[in-house]
Amino acid sequence: MATQPLSQKEIEDRLRELPGWSVEEDRLTRTYRLGDHFAATALVVHVAQIQQELDHHSDLTLGYNTVALAVNTHSAGSTVTEKDFELAERVEGIAPGHGAN
């Protein structure tokens, strides 16, 4: 079953459920600012595990105390799909200070 792009309204509705996330250049994005580099590195490792479980991978950028994600679904024409929001929700659930830790 092919993954279908979400409509603009569907994206806007889903973004209301994920404060801090936005869509930029057809990609679902978020930057987390953490206490230090170690915390940021740990978050990257946890996000990588989620991505492996979902078999859906974002661009993931590690800074000194930041982690940035940007994702879309290449198999759906590089658009935002439900798969991208599933990844975002899982990341929110493990991000320090942002979800259920």
Side-chain angles (χ1 to χ4, degrees):
M1 183 172 159
T3 302
Q4 298 298 313
L6 295 176
S7 70
Q8 187 62 36
K9 170 128 177 47
E10 290 171 318
I11 291 170
E12 290 169 4
D13 290 346
R14 295 298 307 273
L15 284 173
R16 283 190 204 98
E17 301 167 12
L18 288 170
W21 288 84
S22 62
V23 173
E24 298 174 20
E25 299 178 11
D26 293 325
R27 296 163 58 119
L28 188 59
T29 66
R30 168 90 198 239
T31 299
Y32 294 94
R33 188 165 312 281
L34 294 105
D36 58 26
H37 186 66
F38 185 81
T41 302
L43 180 58
V44 167
V45 171
H46 291 290
V47 170
Q49 179 62 42
I50 291 168
Q51 292 179 146
Q52 283 299 105
E53 290 170 9
L54 296 176
D55 191 26
H56 190 58
H57 301 85
S58 68
D59 288 335
L60 190 56
T61 305
L62 172 64
Y64 167 70
N65 66 342
T66 60
V67 175
L69 290 90
V71 65
N72 61 21
T73 304
H74 300 290
S75 62
S78 295
T79 60
V80 176
T81 68
E82 186 61 38
K83 289 176 76 171
D84 304 311
F85 277 99
E86 181 180 2
L87 175 61
E89 289 168 353
R90 292 275 307 271
V91 171
E92 275 298 298
I94 57 101
H98 296 93
N101 293 310

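Keep in mind the model is a prediction, meaning the values are calculated, not measured.
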Kindly give the heavy-atom pair with the smallest separation between [X] and [Y], and that separation in Å.
X	Y	value
R16	P19	O-CD, 4.3 Å
V71	H57	CG2-O, 3.9 Å
G63	A40	O-CB, 4.3 Å
L28	A88	CD2-CB, 3.8 Å
A70	T29	CB-CG2, 3.8 Å
R30	G20	CD-O, 3.1 Å

E53 atom CD, over 12 foreign heavy atoms within 6.0 Å: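 Count over threshold, so yes.
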
Student check: side-chain heavy atoms of [X] and [Y] closer than 4.5 Å:
X	Y	answer
R33	N65	yes
I94	L43	yes
T81	E86	no

Atom pair CG/CD of L15 and E10 - distance to nearest 0.5 Å: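 Answer rounded to 0.5 Å: 12.0 Å.
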
Gap separating the CG atom of L87 from the CG atom of N72, nearest 0.5 angstrom: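 Reported to 0.5 Å precision, the distance equals 11.5 Å.
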
Polar side-chain atom of R90 near backbone of V47 as donor-acceptor pair, under 3.5 Å: no

Of D26, T79, D84, the residue whose pairing with T73 passes side-chain hydrogen bond (donor to acceptor under 3.5 Å, both in side chains):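 It is D84; the other options fail the test.
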
Y32 and W21 aromatic ring geometry - parallel, tilted or perpendicular at 30°/60° bounds: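 Rings of W21 and Y32: perpendicular, over 60°.
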
Residue pair T3 / E82, side-chain donor-acceptor N/O under 3.5 Å: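 Absent: no donor and acceptor within the cut-off.
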
Test: E24 and R27 ion pair at under 4.0 Å: no

